[in-house]
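Letters A, B, ... mirror the listed sequences (proteins, then strands); counts begin at 1. Basis for what follows: all heavy atoms, side chains included, without hydrogens, waters or symmetry-related copies. Fair warning: this is a prediction, and the values are worked out from it, not measured in the lab.
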Amino acid sequence: MYYNFKEIEKKWQKKWASTSAFCAQANPERKKYYLLEMFPYPSGKIHMGHVRNYTIGDVASRFKMLEGYNVMHPMGFDAFGQPAENAAIKNKTKPSDWTHKCIKEMEIELKKMGFSYDWEREVSTCDSDYYKWNQWIFLKMFERNLAYKKASGVNWCPSCQTTLANEEVVDAGCWRCHTKVEQKDLEQWYLKISEYKERLLEDLSRLKNWPPRVLAMQNNWIGKSSGVDIYFRLKNSDKIIPVFTTRCDTIFGATYIVLAPEHALVKELIRGNAQEKEALEFIKKVSAISKIVRSASDVKKEGVFTGSFAVNPVNNEEVPIWIADYVLMEYGTGAIMAVPTHDQRDFLFAKEHKLPMRIVITPKDGPVKLAEGLSGAYEGDGVQINSGEFNGLTNQEAKIKIAQWMEDKGIGNIQTRFRLRDWLISRQRYWGTPIPIIYCPSCGVVPVPYEDLPVKLPADAPFTGEGGSPLGKVKKFVEVKCPKCKGRARRETDTMATFFDSSWYFLRFCSPKFDKAPFDAKEAAYWMAVDQYIGGIEHAILHLLYSRFFTKFFQDLKMIDFTEPFDKLLTQGMVLKDGEVMSKSKGNIVDPDSMIKNYGADALRLFILFAAPPETELEWDERGLEGALKFLNRIWRIRENLKSAAGPEVIKCLHRTIKKVSEDFSEFKFNTAIASLMELTNAIYQYGADKQVFSKFLIMFSPIAPHFCEELWQILGNKESIFKASWPKFDPEFLVEENVEMVIQVNGKLRSKIEVPSDISQDKLKEMVLGDIKLAPWLKGKPPKKFIIVPKKLVNIVI
RNA sequence: GCUGGAGUGGUGGAAUGGCAUACACGUCGGUCUCAAAAACCGAUGAGGGCAACCUCGUAAGGGUUCAACUCCCUUCUCCAGCACCA
């Protein structure tokens with residue numbers, strides 16, 4: 001007979017809701033613990049990824065609660081975004097109706113899993129009470145020149161009909177629909193995240209409890225590199241072209257320079273030259289291709305000669321100036337010096353266009369290779385040659401000396417460059433936060449005054465699917481009075497990228513109904529930072545970088561006094577089926593709802609935690625889920641067979657288990673914690689348990705299977721919720737064994753085992769070991785050279 | 001190419017210098033039953049041996065150590081992120 005999980009789970013979910021069991025209040029007397037899982041986009045249905053993410057969080061949250069912490073465990077919805085608009089077009093509904101319906105459905109599913117959320121703190125980013133503060137934050141950034149508008153080539157998704165941030169372009173496609181991204185010249189709003197690049201990079205070192213790969217990814221993304229701007233002068237002109245290089249040690253080998261096709265000087269350089277026509281055609285061709293496609297490494301590097309020359313400042317050599325598609329305007333100075341002998345890209349380009357080469361670094365102890373015989377660039381370290389006064393130095397020494405020498409002579413400037421670009425936040429969509437800006441023909445760009453916030457989304461925008469923002473078609477939204485001159489003006493119709501919304505929601509949870517600012521500083525001071533954050537690796541750059549940026553911004557506004565929002569981060573692994581990610585297109589989706597129906601939420605939670613450690617991928621296996629249910633039933637039966645007093649074997653095992661589970665839960669090693677609870681269960685089956693042992697077992701197991709344990713807890717006669725109980729403590733006395741089994745090795749190989757009193761003296765132990773008949777053939781009568789004794793574990797005899 | 005991570009039974013996984021394979025899944029056998037299911041008990045890395053036992057075994061090779069899945073070096077494979085970033 002299976003226990004009735006359907007009834008039991010429903011019963012306790014109702015009870016927890018009616019008693020507000022998980023509602024948290026700030027209390028300076030108590031130690032707080034803020035546990036947060038990344039909030040979901042309300043698609044209407046939870047998937048196994050959500051189940052895994054939120055189960056891990058729920059166990060941690062309930063464990064901390066039992067340990068006596070004041071736990072805040074909130075949940076909300078990242079509710080703006082394109083699916084709602086697409087649904088509106090398809091089903092002729094309104095995005096807000098569709099979204100709110102989805103949120104309702106999702107709340108029901110989350111509640112069915114028995115998660116211990118503080119629902120009174122729930123937020124939805126599409127509520128004007130929330131997005132009002134997006135606008136508030138935007139205006140604060142605008143005041144500090146951290147939000148600005150600029151025209152430039154931007155990533156454009158033709159399917160979503162909107163612009164995308166660099167972070168949202170994945171494999172040259174849109175992160176949502178995978179459509180190939182195009183390039184468009186548009187005037188768009190940006191956030192100056194680059195202002196924070198040094199801090200964002202440096203503070204990574206504070207994040208000791210973040211996974212190394214996330215730190216590595218952010219480090220890469222910020223992409224700091226040090227080098228020198230070297231000033232090349234145009235031949236027959238005073239004009240200077242600075243080029244950025246990290247390899248100034250190769251400057252004597254620079255035989256030509258290359259500019260990006262968009263470089264400001266290009267037009268002037270080609271004017272009147274024989275190459276002008278060819279060059280103009282090339283520029284036209286390149287500008288039509290998106291930057292992403294252009295920068296794909298498998299595309300052949302193309303370029304043309306400008307017909308002009310520059311002067312290498314270190315040796316006054318005249319070098320040709322080329323333009324090529326592989327030089328990017330956005331990075332460095334938009335111009336490079338080319339050293340074909342020591343840079344593979346330059347090498348290939350020089351070979352193709354028959355440009356000169358000169359070796360300036362030769363491998364230590366290696367022969368000097370001749371340019372004619374060179375099959376590829378030598379990019380390694382070595383000794384300087386053909387480098388004037390720097391000959392003979394190692395290139396690493398030369399790098400430092402040449403940089404300094406250039407600064408002294410005024411022909412170069414030591415520079416640090418970053419890869420991180422500013423964050424494009426304008427979206428030509430409806431279902432997002434309106435950017436609070438008004439364009440006035442006489443006053444220009446005018447911010448909406450704070451007292452006029454929120455700028456609400458009009459409810460009656462038309463959804464035709466014809467492209468272009470629906471907001472632009474709502475007259476009463478667009479046509480406004482200028483706040484300054486009261487003249488006729490036009491409202492900004494772009495909305496904010498939804499990543500803006502999620503960059504500070506963890507602060508909103510501290511005071512979700514606060515109406516004077518995005519959050520109440522006092523509440524935030526108590527609850528922040530988030531002690532444990534849990535979510536998918538897909539947000540390793542986007543969301544986590546933006547959230548760090550916003551936190552630093554709030555710190556600068558003196559609204560908070562910390563600089564990093566998330567103390568510990570756990571990125572959970574994906575749930576796979578037959579080795580592949582579950583997806584609609586593969587048709588291998590396992591629906592959590594039907595699993596709850598067939599096995600119960602507790603069994604699902606148990607399986608998901610037991611099948612793999614949280615960070616690794618989890619292979620879905622329904623047999624494992626059956627196994628989880630079997631284990632629950634095995635425990636269920638214990639209640640009928642409790643003895644009046646448990647024997648010493650079980651008591652010892654209990655204390656070992658308490659120690660192990662306490663340690664494992666703290667380190668999120670749920671799979672091994674469950675394994676040790678299973679061992680205790682096996683011991684109970686062998687030796688029997690009393691009520692006390694079983695109660696302690698239930699407390700330890702309750703974070704994993706909360707409904708199940710509440711029910712048994714009540715059956716044992718307890719009136720209060722099991723989550724009001726306190727976490728059991730182990731007694732070290734019970735961990736001490738009178739006798740221990742010791743492993744006896746000869747030359748490191750296991751040859752025997754003996755049981756000895758655990759407090760045996762070394763001499764007595766040696767005596768016993770030498771008397772062990774099993775060892776005789778291995779010792780061969782020879783006297784042992786050495787005894788290695790690891791107390792209570794092992795003896796190794798070296799002969 | 002750069003960066004980070006991983007490689008252990010038929011399967012998921014455990015062990016971070018000290019008995020390799022805990023705990024489960026699966027498989028096989030037993031108990032109960034007219035029978036089956038459920039439940040309970042037991043076996044289960046490979047090879048050899050009647051057996052006690054022996055040999056081999058954590059991607060491959062080498063090293064350090066009394067002792068290596070674990071530390072070091074070399075190589076291979078897989079996963080993930082970034083990538084004409086000068």
Side-chain angles (χ1 to χ4, degrees), chain A residues 1-2 170-171 211-221 223-225 227 243-247 250 254 257-258 260 294-301 324-328 330-339 343-346 348-349 379 417-421 537-538 540-541 571 573-574 607 610-613 615-628 630-631 633-634 637 669 671-679 681-682 685-686 741-753 774 777 784-799:
Chain A
M1 272 300 283
Y2 280 176
V170 180
D171 292 334
R213 64 170 166 164
V214 175
L215 295 174
M217 282 160 78
Q218 293 219 354
N219 195 39
N220 279 344
W221 192 261
K224 181 177 183 171
S225 59
V243 304
F244 176 65
T245 181
T246 56
R247 290 293 306 272
T250 64
I257 68 172
V258 189
R294 193 174 127 193
S295 64
S297 54
D298 49 357
V299 174
K300 197 166 161 248
K301 294 143 189 54
D325 57 0
Y326 75 95
V327 176
L328 306 174
E330 296 72 35
Y331 188 74
T333 59
I336 62 158
M337 64 177 204
V339 186
D343 182 290
Q344 187 60 22
R345 286 161 303 166
D346 296 343
L348 293 174
F349 193 82
E379 293 180 328
R417 305 252 176 215
F418 290 81
R419 231 137 98 179
L420 182 69
R421 308 279 151 60
I537 187 72
E538 67 274 19
I541 296 173
T571 49
M574 292 205 264
F607 163 70
F610 182 57
E615 303 85 355
T616 59
E617 288 176 336
L618 185 150
E619 178 64 33
W620 178 261
D621 180 5
E622 198 158 330
R623 283 182 306 205
L625 187 53
E626 271 169 47
K630 270 188 200 172
F631 177 61
N633 276 298
R634 208 166 139 81
R637 283 189 295 272
K669 290 154 99 176
N671 55 332
T672 50
I674 292 166
S676 90
L677 286 165
M678 284 173 169
E679 282 178 75
T681 307
N682 292 343
Y685 265 74
Q686 193 175 350
E741 189 185 58
M742 292 193 68
V743 170
I744 315 299
Q745 298 179 334
V746 178
N747 287 342
K749 283 215 191 307
L750 173 75
R751 295 303 180 193
S752 180
K753 290 180 185 182
K774 278 192 209 154
K785 261 191 219 159
K786 208 171 165 189
F787 269 89
I788 290 157
I789 298 173
V790 183
K792 294 179 192 178
K793 271 195 181 145
L794 142 160
V795 179
N796 190 13
I797 307 165
V798 188
I799 57 163

Spacing of [atom1] belonging to [X] relative to [atom2] belonging to [Y], to within rounding of 0.5 Å:
X       : Y       : atom1 : atom2 : value
N219(A) : R419(A) : CG    : CZ    : 10.0 Å
F607(A) : W620(A) : CZ    : CH2   : 5.5 Å
D343(A) : L348(A) : CG    : CG    : 9.0 Å
F787(A) : I744(A) : CZ    : CD1   : 9.0 Å

[X] [atom1] to [N] [atom2], straight-line distance once rounded to whole Å:
X       : N       : atom1 : atom2 : value
M742(A) : rC66(B) : CE    : P     : 19 Å
R247(A) : rC85(B) : CZ    : P     : 13 Å
I674(A) : rG12(B) : CD1   : C1'   : 13 Å
L794(A) : rA67(B) : CG    : P     : 12 Å
I537(A) : rC82(B) : CD1   : C1'   : 13 Å
K630(A) : rC25(B) : NZ    : C1'   : 9 Å
K785(A) : rU65(B) : NZ    : P     : 13 Å
L420(A) : rC82(B) : CG    : C1'   : 14 Å

At 4.0 Å (heavy atoms only), tell me whether [X] reaches a base, stays on the sugar-phosphate, or touches nothing.
X       : value
P211(A) : nothing
R623(A) : sugar-phosphate
A675(A) : base
E626(A) : nothing
R421(A) : base
S676(A) : nothing
K753(A) : base
E679(A) : sugar-phosphate
R634(A) : sugar-phosphate

Looking at rC66(B), does its base get a donor-acceptor pair with the side chain of K786(A) below 3.5 Å?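 Answer is no: no donor-acceptor pair is held.
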Test for a donor-acceptor pair under 3.5 Å between the base of rC82(B) and the side chain of N220(A), counting only N and O atoms.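 Counting by modelled atom types and ignoring angles, no donor-acceptor contact under 3.5 Å is found here.
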Any donor and acceptor pair, going by atom type alone, linking the side chain of E379(A) with main-chain N or O of Q344(A) inside 3.5 Å?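 Yes, the answer is positive, given that a donor and an acceptor are paired below the 3.5 Å cut-off.
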Do the side chain of Q218(A) and the main chain of A540(A) share a donor and acceptor less than 3.5 angstrom apart?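 The answer is yes, because a donor-acceptor pair under 3.5 Å joins these two groups.
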Using the C1' atom on both, measure rU21(B) against rG13(B) and round to a whole Å.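 Taking atom C1' in both rU21(B) and rG13(B), they lie 10 Å apart.
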Pair partner, [N] [Watson-Crick or wobble, under 3.5 Å]:
N       : value
rA68(B) : none
rA14(B) : none
rC2(B)  : rG81(B)
rU21(B) : none
rA59(B) : rU75(B)
rA37(B) : none
rC28(B) : rG42(B)
rA86(B) : none

Sort out for me which residue in L618(A), I674(A), T672(A), L625(A) forms a side chain to side chain contact (heavy atoms under 4.5 Å, CB included) with F610(A).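 Among the candidates, only I674(A) passes.
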Between [X] and [N], is there a side-chain N or O to OP1/OP2 distance below 4.0 Å?
X       : N       : answer
T672(A) : rA22(B) : no
R213(A) : rC79(B) : no
N219(A) : rG4(B)  : no
N796(A) : rG18(B) : no
R751(A) : rC53(B) : no
R419(A) : rA86(B) : no

Distance under 6.0 Å and angle within 45° of ring axis: R345(A) vs Y326(A):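 Not satisfied by the 6.0 Å and 45° rule.
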Please confirm whether R634(A) makes a cation-pi placement over Y685(A), using NZ or CZ under 6.0 Å from the six-membered ring centre and within 45° of the ring normal.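 Yes - R634(A) lies over the ring of Y685(A), closer than 6.0 Å to its centre and within 45° of its axis.
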Can you tell which of [options] lies closest to the side chain of [X]?
X       : options                   : value
R637(A) : rC19(B), rA39(B), rG81(B) : rA39(B)
T246(A) : rA86(B), rC23(B), rA15(B) : rA86(B)
W221(A) : rA83(B), rG5(B), rA24(B)  : rA83(B)
K749(A) : rA15(B), rG5(B), rC56(B)  : rC56(B)

For Y685(A) and D346(A), find the nucleotide of RNA chain B closest to each by heavy atoms; which residue's nucleotide sits nearer the 5' end?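 Residue closer to the 5' terminus by nearest nucleotide: Y685(A).
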Heavy-atom nearest nucleotide on RNA chain B for M337(A) versus F610(A): which residue maps closer to 5'?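 That would be F610(A).
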Hey, is rG62(B) sitting syn or anti, using the within-90° cutoff around 0?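 rG62(B): anti glycosidic orientation.
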